[in-house]
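Have a look at the structure below before the remarks.
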Amino acid sequence: MSFDRKIKIAPSILSADFANFGQEIRAIEAQGADWVHVDVMDGHFVPNLTFGPQAVKAFRPHVKTVMDVHLMIAPVDPYIDAYADAGADVLTAHIEAGPHIHRTLQAIRGAGMKAGVALNPGTPAEAVAHLLDLTDLVCVMTVNPGFGGQKFIDMTAKIRSLRSMIGDRPVHIEIDGGVDPATAPLVTEAGADVLVAGSAVFKGGSVNDPTVYGENIRKIRTATEGTWT
Ligand code: DX5
Ligand code: ZN
């Protein structure tokens, strides 16, 4: 995985057909997805339950781009090796998930993955001030995590602060929640480069009608043109 700040669209398979993940992943990649975003929820850190490392390992052979695994679980540390074994390229943990995020990020890198740290809407940018040399991605939640299809919460001031704190470091800013063609340019203009989108990518399409996914991805990408440097 090489680093750049070009806009990357990362469809969240939380909005895919749960009986058909392999085909859905192949369809979104064929239609222009840059990364594949995988939402792991434990019914404890967030009030919803999705899948665990065995399922993520089964997704791996279908993902030709970057498998971006977003852990909404607590605790995180006992599962890091399982997600490395599952083939995650990026493994993101929430700063709110435990008292030792510094240790968690070191362990994620130590297991050979890129380390991401996610911030809930109520958590300030300054919470990562002493973590920026330990992390490869900061995920700014623009919804309260747990469900797809929620309304975008404006976090542009937080994104701007992060962008300035990050400076020249090779750290991605990822936005997760309520990203669509209307909200995407707000966050890229503020400094984000990875856009997670679930409902806005999958709506109206299916594996039998995958060109809709492509149109939806293009609409988001086009909306961001000219907003980033
Ligand atoms: C929310 C998840 C998101 C979700 C985004 O807890 O982390 O990745 O799938 O879905 P949309 O794009 O529908 O808000
Ligand atoms: Zn997510």
Side-chain angles (χ1 to χ4, degrees), residues 7-18 21 24-25 28 31 33-52 55-56 59 63 65-74 76 79 83 86 88-97 108 113-123 135-155 159 172-188 192-205 212-213 215-217 219-221 223-224:
I7 303 300
K8 290 163 278 295
I9 314 284
S12 163
I13 59 167
L14 186 62
S15 294
D17 174 1
F18 267 44
F21 281 120
E24 291 275 43
I25 289 168
I28 52 172
Q31 294 296 325
D34 299 292
W35 291 12
V36 175
H37 186 81
V38 177
D39 285 307
V40 174
M41 304 187 186
D42 67 353
H44 164 72
F45 178 70
V46 289
N48 192 9
L49 192 57
T50 55
F51 31 69
V56 175
F59 304 157
V63 179
T65 57
V66 169
M67 189 159 76
D68 173 35
V69 179
H70 177 192
L71 297 181
M72 285 159 275
I73 68 172
V76 171
Y79 300 99
Y83 286 99
D89 294 302
V90 182
L91 191 67
T92 296
H94 269 262
I95 199 163
E96 305 86 3
I108 293 173
M113 298 171 283
K114 299 285 184 192
V117 57
L119 306 182
N120 280 337
T123 303
T135 191
D136 302 289
L137 175 148
V138 179
C139 173
V140 177
M141 294 305 302
T142 40
V143 296
N144 286 295
F147 302 95
Q150 302 182 80
K151 192 175 173 324
F152 177 81
I153 303 169
D154 187 352
M155 290 282 136
I159 299 164
H172 297 288
I173 299 181
E174 177 177 73
I175 307 303
D176 191 359
V179 172
D180 63 20
T183 57
L186 306 176
V187 299
T188 53
D193 63 297
V194 185
L195 305 182
V196 176
S199 35
V201 167
F202 283 92
K203 72 160 186 236
V212 176
Y213 297 160
E215 285 159 24
N216 290 341
I217 290 170
K219 279 184 203 156
I220 298 170
R221 205 187 296 281
T224 67

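Atoms within each ligand, like the ligands themselves, are counted from 1 in listed order. Start at 1 with the first residue, then count along the sequence.
- Taking a cut-off of 2.8 Å, the protein N, O or S atoms nearer than that to the Zn ion (ligand 2) are His37 NE2, Asp39 OD1, His70 ND1, Asp176 OD2.
- Between His172 and Trp35, the two ring planes are perpendicular [angle over 60°; tilted spans 30° to 60°].
- Contact check for His37 versus Asp39: side-chain heavy atoms found under the 4.5 Å cut-off.
- Put simply, the side chain of His70 does not reach to within 4.5 Å of the side chain of Ser12, judged on heavy atoms.
- Between Phe18 and Phe51, the two ring planes are tilted [angle within 30° to 60°].
- For the pair Asp34 and Arg221, the salt-bridge criterion is met [side-chain N within less than 4.0 Å of a carboxylate O].
- In this structure, ligand 1 sits under 4.0 Å from heavy atoms belonging to Ser12, Leu14, His37, Asp39, Met41, His70, Met72, Met141, Pro145, Gly146, Phe147, Gly148, Gly149, Asp176, Gly177, Gly178, Val196, Ala197, Gly198, Ser199.
- Partners of Lys114 according to the side chain to side chain donor-acceptor pair (under 3.5 Å) rule, which considers only residues two or more places apart in sequence or in another chain, do not exist here.
- Take Asp136 and apply the salt bridge (Lys or Arg N to Asp or Glu O under 4.0 Å) test, not counting sequence neighbours, and it matches Arg109.
- Side-chain N or O atoms of Asn48 include one that pairs as donor or acceptor with a backbone N or O of Gly146 at under 3.5 Å.
- Not a single donor-acceptor pair under 3.5 Å links the side chain of Thr224 to the backbone N or O of Ile7.
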